[in-house]
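What you are looking at is a predicted structure, and each value in this text was computed from that prediction instead of being measured.
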Amino acid sequence: MKMNKTLVALCLSAGLLASAPAVSFADVNVVPQNTAAAPAIPTAALQQLTWTPVDQSKSHTTPLATAGQSLHVSGITGPVAAYSVPANIGEITLTLTSEVNKHSGVYAPNVLILDQNMTPSAFFPSSYFTYQEPGVMSADRLEGVMRLTPALGQQKIYVLVFTTPQDLQQTTKLLDPAKAYAKGTGNAIPDIPDPIARHAAEGTLKLKVKTNTSSSVLVGPLFGSSGPAPVTVGNTAAPAYSAPAAAPATAPASAPAAAPVAAAPVKSEPVLNDTETYFNNGIKQAVKEGNIDKALKLLNEAERLGSTSARSTFISSVKGKG
C-alpha cells in the first residue's frame, strides 16, 4: 500500500503541475480520482447521449446552446458536451478550453471521465479550469490540461462536460484589454478595473486530443486495490484466451463412430529466459520511477512475446512486493 500511495503522489503531481502555468499549484487542489464529488448520473442517461468522436491531434469546437443535448440530473444544469476519445493510442493529453464570449459570459466546465463501460473514473471540477489571459492567437478563456492513461484493451473512453447551478452563481475576473496590450508591449500597466465575466449556461468549448510521452494521471484503481491508487481508465487485466472450437469431421457412413478427441490447446512459443528477465527488470524500474504507462506497455509487449511472469512482476511491483 505504501508503494501505491507513492505512485499516486508522483502521477498526480506530474499531471496537475503542468495543467495551469498561470496559477500556483496550491490554487488547483484537485484529486482526479475523487469521482464521488461528481453528480451521480444513471448509466441509462449516459447511454442516451450522442457522443461525438474526437480524433487525436485535432481540435474540436462545440457551441453549447440551450437547444443542445442535456442531462436531467441533480447537480447539472444547461447543455452538456459529450465526446468519445480513442483509448488505444497510449497516454493521451486532453486540453479543454472554454472561451469568453463577446457579452462577457463564459461556460465554467466540469469534466467527468468514463471508461469504455461508462464507469466514472476521474472528475475535474470547474476549479481545475483556470483563467488564461488573451494572447496573439487566443482570447480570454478558462482552460485545463488533463493527462490520462487508458488501461490496456480499451478502444475508447468518454469525456462528459457540464456546468452546475453553483457555477452559474460565480464569476471570473478577466484582464482588461488595455492592460493586456501594455503587458505585451512592455509599457506601464494602466490602473483601471478589470472586467468581470459572468458564468453562463451557454458557451463555446474546444477539445484537443494528442498522445503524451510524459508522466500522466492514471484513472481508476489498479487490480481492485482497496486503498488509494493511481487510476486507470478501465480494467488492467488481460482478456482470457479461448481456443476456437474445431469443426467436427464427417465420418463415412460405413465407418463406426469414433470417440471424440479433445483438440490440443494452442500455445505460444515460450519466451527466452534473457528476454523474460529484460522485460521484468524494465517493468520493475518503470514502476519504481512512477511511470506506470511505460510499465503497462512493457507488460503488454512481454505477454505478446509469450512471457508468463511479466504480469505477476507488474502486480507485485505496484503493490510494493517487487
J.: What closest approach, in Å, do A182 and I189 show between heavy atoms, and which atom pair accounts for it?
T.: CB-CA, 4.1 Å
J.: When you measure from the side chain of S98 to the backbone of Y107, do you find a donor-acceptor pair of N or O atoms at a distance under 3.5 Å?
T.: yes
J.: Are any non-hydrogen side-chain atoms of F129 and L96 less than 4.5 angstrom apart?
T.: yes
J.: Please name all residues satisfying side-chain hydrogen bond (donor to acceptor under 3.5 Å, both in side chains) with T97, sequence neighbours left out, ordered by chain then number.
T.: E143
J.: Are R141 and E133 close enough for a salt bridge, meaning some N to O gap below 4.0 Å?
T.: no
J.: Testing the basics here: between P109 and V161, what is the closest heavy-atom pair and its distance to 0.1 Å?
T.: CB-CG1, 3.7 Å
J.: So do the side chains of L174 and I196 get within less than 4.5 Å of each other, counting heavy atoms only?
T.: no
J.: Side chain to side chain donor-acceptor pair (under 3.5 Å), that's the test. Do Q166 and Q170 meet it? Break it down for me.
T.: CA-CA 7 Å; Q166 292 77 18; Q170 300 176 17; over 6 Å; no
J.: In the structure I gave you, are the side-chain heavy atoms of S70 and F162 within less than 4.5 Å of one another anywhere?
T.: no
J.: So, do L114 and L46 sit near enough that their side-chain heavy atoms are less than 4.5 Å apart?
T.: yes
J.: For residues V287 and A295, report the shortest heavy-atom separation together with the two atoms involved.
T.: CG2-CB, 3.8 Å
J.: Is any side-chain N of the basic residue among E99 and K206 closer than 4.0 Å to the acidic one's carboxylate O?
T.: yes
J.: Can you tell me if E202 uses its side chain to pair, donor with acceptor, with the backbone of L64 under 3.5 Å?
T.: no
J.: Return each pair, listed once, that meets side-chain hydrogen bond (donor to acceptor under 3.5 Å, both in side chains) where at least one residue sits in residues 74-83; pairs must be two or more places apart or across chains.
T.: T62-Y83
J.: Counting C-beta onward and ignoring hydrogens, is there a side-chain heavy-atom pair between L160 and L49 closer than 4.5 Å?
T.: yes
J.: Less than 4.5 Å apart, any side-chain heavy atom of V159 and any of L112?
T.: no
J.: Assess the residue pair H60 and T52 against the criterion (side chain to side chain donor-acceptor pair (under 3.5 Å)); give the C-alpha distance rounded to whole Å, side-chain angles, the decisive distance to 0.1 Å, and a yes or no.
T.: CA-CA 9 Å; H60 187 89; T52 302; 4.8 Å; no
J.: Could you check whether Q132 and T130, counting side-chain N and O atoms only, form a donor-acceptor pair closer than 3.5 Å?
T.: yes
J.: Can you name the closest pair of heavy atoms from G90 and P150 and give their distance?
T.: O-CD, 3.4 Å
J.: In sequence, state the C-alpha distance, the side-chain angles, and the governing distance for N280 and S309, and then conclude on side chain to side chain donor-acceptor pair (under 3.5 Å).
T.: CA-CA 8 Å; N280 287 344; S309 63; 2.9 Å; yes
J.: Are D140 and Y131 packed together at the side-chain level, in the sense that at least one heavy-atom pair is separated by less than 4.5 angstrom?
T.: yes
J.: Under the 3.5 angstrom rule, does the side chain of Y128 hit a backbone N or O of V145 as a donor-acceptor pair?
T.: yes
J.: Determine whether a donor-acceptor pair (N or O, by modelled atom type, separation under 3.5 Å) exists between the side chain of D194 and the backbone of L175.
T.: no
J.: Looking at side-chain heavy atoms only, is the closest gap between N281 and T277 below 4.5 Å?
T.: yes
J.: Picking from T164, I41, T163, what satisfies side chain to side chain contact (heavy atoms under 4.5 Å, CB included) with I76?
T.: I41
J.: Would the distance check show the side chain of T119 and the main-chain N or O of D115 forming a donor-acceptor pair, the cut-off being under 3.5 Å?
T.: no
